[in-house]
Amino acid sequence: MADKLLKQNFTSLNFSVMHTAPRIIAIAAVLALGGTTWAQAQVTVGPRIGLNLANVSIKNEDNSGLELDPKLIAAPQAGITLNAAFGNLAIQPSLLFSQKGFKVTEEERDGADSFKTEATYRLGYLELPVNLVYTTGGTEGFQVFAGPYVGIGVGGKVKAKYTVTQAGVTESGSETVNVKFASKEKNNSDDLYLNQPDFGVNGGVGYKVGPFQAQAGYSLGLGNMIPKDSNGDKPDGKLRNRVIQFSLSYFFGS
């Protein structure tokens, strides 16, 4: 099936990075800045926590007439951020566990009979954003930032609830489906497959005072999350991450 995620019935739907995170984000910053300018930077590093208000955009290109109305879910993000500052400008690579996803509700009625499903998708990513940050006061003040990100899916779940009313009798139930990330679906699998990597751009505003930095931004996914089908055919539809992000960072040594 070329478009499993868009056409499938929705009822059949802590790991640690702290040891490797400083090394990975330092390498990312060196690559972004270059070796000569790196020696001139004021470098600090610290933890970052935050909240994602996650959703998706859905585009169905096969004109099937299917209409879905995805809703926001609240999800966590946590990790570590490096700040390499050059006056008013800074490069900030981060290594994060970032949960994304969305919720879909469908309801059908035929007289007194009805069928309702609610499916919540929660998708975990190991994400590396690299932002260019401008701070009005140099080390403190109002900020604007932008930059790319790439994310590797590490797992997820779809939890579906359903309620069926027929001939005056109502039945309810639930089902959980595991999410796996791959470029192609597998035959005869009960898992839901999503494409990877996820990639896109970030942008937003913030404020930095002392060692604290608060930011609010928007993450625009550019990669299609729907994989090829088991025959290797490309999907007709497109599914992309859309996330409003709020974060708080603390930089040691600031």
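Treat the numbers as computed from the prediction; the structure is a model and nothing was measured.
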Throw together a table of side-chain donor-acceptor distances under 3.5 angstrom for residues 216-223, partners on residues two or more places apart or in other chains.
from   : atom 1 : to     : atom 2 : distance (Å)
Ser219 : OG     : Asn202 : OD1    : 3.2

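- Not counting sequence neighbours, the partners of Leu53 by the side chain to side chain contact (heavy atoms under 4.5 Å, CB included) test are Leu51, Leu72, Ala74, Ile244, Phe246.
- Checked against salt bridge (charged side-chain N to carboxylate O under 4.0 Å, His left out), Lys100 has the following partners two or more places apart in sequence or in another chain: Glu127, Asp198.
- In terms of the salt bridge (charged side-chain N to carboxylate O under 4.0 Å, His left out) criterion, residue partners of Lys180 (sequence neighbours excluded) are, by chain and number, Asp191.
- Taking the side chain to side chain contact (heavy atoms under 4.5 Å, CB included) definition, one finds that Thr139 meets it with Gln42, sequence neighbours left out.
- Every residue meeting the ring pair (Phe, Tyr, Trp, His ring centres under 6.0 Å) condition with Phe181, not counting sequence neighbours, appears here in chain and number order: Tyr125.
- For Phe142, the side chain to side chain contact (heavy atoms under 4.5 Å, CB included) partners at least two apart in sequence or on another chain are Thr136, Val144, Val205, Tyr207.
- When the salt bridge (charged side-chain N to carboxylate O under 4.0 Å, His left out) test is applied to Glu171, no partner is found at least two apart in sequence or on another chain.
- Under the salt bridge (charged side-chain N to carboxylate O under 4.0 Å, His left out) criterion, Lys71 pairs with Asp69, not counting sequence neighbours.
- Checked against side chain to side chain contact (heavy atoms under 4.5 Å, CB included), Pro211 has the following partners two or more places apart in sequence or in another chain: Tyr250, Ser254.
- The closest side-chain donor-acceptor pair between Gln143 and Thr135 falls under 3.5 angstrom.
- With sequence neighbours excluded, no residue satisfies side chain to side chain donor-acceptor pair (under 3.5 Å) with Arg240.
- For Ser98, the side chain to side chain donor-acceptor pair (under 3.5 Å) partners are Asn52, not counting sequence neighbours.
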